[in-house]
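Working notes, beginning with the structure itself.
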Amino acid sequence: MNNEPSIDVISSVLPPASVLVGTEIGPKYFTDWFGRPVPPPSIVVRPSSTAEVSKLLALCDANNWTVVSQGGMTGLVSAALPHPNEIVLSLDRMSRMLEVDVKAKTMTVEAGISLQQVHESAEEHGLMFPLDLASRGSATIGGTIATNAGGTMVIRFGMMRELVMGLEAVLADGTVVNAMHPLLKNNTGYDVKQNFIGTEGTLGIVTKAILRLFSKPKEKTVALCAVKGFSELVSLLDSVRNDMEGGLFAFEAMWGSYYELAISLPNVKAALPAGSPFYALVEIADFDGASRLENLLQEALTANCISDAVIAKSEAEARAIWCIREAALDAVGQKSPFVTFDVSLRLDRMMAYLDAVERQINSALGAATVSTIAHLGDNNLHVAVHYDAKLGDVRADVKQIVYRVTGDYQGSISAEHGIGIEKRDYLHHSRSKEEIALMRKIKHSLDPNHVLNPNRIFRT
Ligand SMILES: Cc1cc2nc3c(=O)[nH]c(=O)nc-3n(C[C@H](O)[C@H](O)[C@H](O)COP(=O)(O)OP(=O)(O)OC[C@H]3O[C@@H](n4cnc5c(N)ncnc54)[C@H](O)[C@@H]3O)c2cc1C
């Protein structure tokens, strides 16, 4: 039961600086990345310490008040937007860098720190944190842990799950769980931190984390290739992966239709002409860098796998190539209306899957086109389905079809972004009845009163 929270009671246990009400509540607490606002919450709590988070949650648990946690509000599945009567718990004041241990290659932070601040601090120490997203300026470590974020370097370093050594979290009843173990090897029973990684804030509030850092590569080389077909794209991935071993940092595929949209943006420069069926952005680190990649691309040209390629000669050129890939939302936004999907499929089913999506949408709704990009090495497709505006709002029909086809091809309906509210009704396409029942049991045992992010992932 979702009771209306008492501002007076909350204000009596927390310092005034931690509580916002009425006109003090700015739109950032009720608007997501897409700019879609919901009605403002009646109260926003911005704790400055774990103790304050604990106090708030104990109070909410005792009174059946519900809480939605917020980081940078860049999540793409509407999970952090407040529902009626929900208290917003924002980590925006818990954003301190606590320690960088250069020898151990670890960084200890509060959960509200932005990904970009983490990158900058690591760099100041000659190190790197290898999770990178286009939303780096706003996305927080708490949000990236809660969504088990991926990004462009998963092919080399894994997702957030692989990059968190330890964390501190507060349970729904206010219990503080200290799992801050800076140990790579720690097989002492259940790995407690996993309860909070990728569980979208439904099992606890992450307040601190110990992150793994890595040596910063001395140099990176970025290339863009025009690729002749999908099987050639997979061959190129294979040969770069085999040849560069741990040196391959990113392999991003762009379908020709996406590339054309991206390079028509005023702030995006075409590094290669349009017209190729596929483009691959390859980033490698060290490993004789440019010369090795140049040889490999020369071989791919000779083998008729690629038709053209360009290797960035400066940081600015490398950035310009990355811009083509990172402009995804702006690029597809030019061709409205559209619905975006973040799915994963086995490589050998990808093209048949995309054909099936396009065919089934066309037969159900008529003229639809698809723009696709992929973290290809991670089997992850970001697909935008554009439909005819004359059809009105057919987003729900498009989603039904795409998620059903994803299930038919044994894919995942969410590779990176989580389930939240947006994908909740389609979870059964990727998870069995028994898996969903187990998720419910875990939720119920850690949060029996459904205080934390209720009705996200599944209805509670
Ligand atoms: C332009 C753009 C590019 C993106 N690219 C990628 C990408 O390449 N790969 C990828 O994986 N994702 C990507 N994302 C989505 C990605 O999930 C988010 O950017 C990021 O992980 C969310 O962080 P946030 O701090 O904004 O969290 P929010 O959006 O504020 O919250 C996301 C979820 O985490 C919960 N949460 C937030 N903080 C905490 C906390 N401290 N404790 C517990 N739960 C918490 C919220 O309740 C919500 O369920 C992208 C988003 C954008 C806008």
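Remember, it's 1-based here, ligands and their atoms both numbered in the order they're listed.
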**Asked** With under 30° as parallel and over 60° as perpendicular, where do the rings of Tyr403 and Phe341 fit, or are they tilted in between?
**Response** perpendicular
**Request:** Look at the rings of Phe129 and His119 and say which category their plane angle falls in: under 30° parallel, 30 to 60° tilted, over 60° perpendicular.
**Result:** tilted
**Request:** Examine the side chains of Arg161 and Gln194 and answer whether a donor and an acceptor come within less than 3.5 Å of each other.
**Result:** yes
At less than 3.5 Å, what protein N or O atoms come close to the N or O atoms of ligand 1? Include the distances to 0.1 Å.
unit_1	atom_1	unit_2	atom_2	d
ligand 1	9 (N)	Gly151	N	3.4
ligand 1	9 (N)	Glu416	OE1	3.0
ligand 1	9 (N)	Glu416	OE2	3.2
ligand 1	11 (O)	Gly150	N	2.8
ligand 1	19 (O)	Thr74	OG1	2.6
ligand 1	19 (O)	Ser135	OG	2.7
ligand 1	21 (O)	Thr147	OG1	2.9
ligand 1	25 (O)	Gly72	N	2.8
ligand 1	25 (O)	Thr140	N	2.8
ligand 1	25 (O)	Thr140	OG1	2.7
ligand 1	26 (O)	Gly72	N	3.2
ligand 1	26 (O)	Met73	N	3.1
ligand 1	26 (O)	Thr74	N	2.8
ligand 1	26 (O)	Thr74	OG1	2.6
ligand 1	29 (O)	Thr74	N	3.1
ligand 1	29 (O)	Gly75	N	2.7
ligand 1	30 (O)	Gly71	N	2.7
ligand 1	30 (O)	Gly72	N	3.4
ligand 1	30 (O)	Met73	N	2.9
ligand 1	41 (N)	Val206	O	3.0
ligand 1	42 (N)	Val206	N	2.9
ligand 1	44 (N)	Ser69	OG	3.4
ligand 1	47 (O)	Ser69	O	2.6
ligand 1	47 (O)	Ser69	OG	2.9
ligand 1	47 (O)	Asn453	ND2	2.8
ligand 1	49 (O)	Glu200	O	3.3

**Request:** Would you indicate whether the side-chain heavy atoms of Val38 and Pro82 approach each other to under 4.5 Å?
**Result:** yes
**Asked** Is there side-chain contact between Glu422 and Lys399, with heavy atoms separated by less than 4.5 Å?
**Response** yes
**Asked** Judged by atom type as modelled, is there a donor-acceptor pair below 3.5 Å linking the side chain of Thr207 to the main-chain atoms of Glu168?
**Response** yes
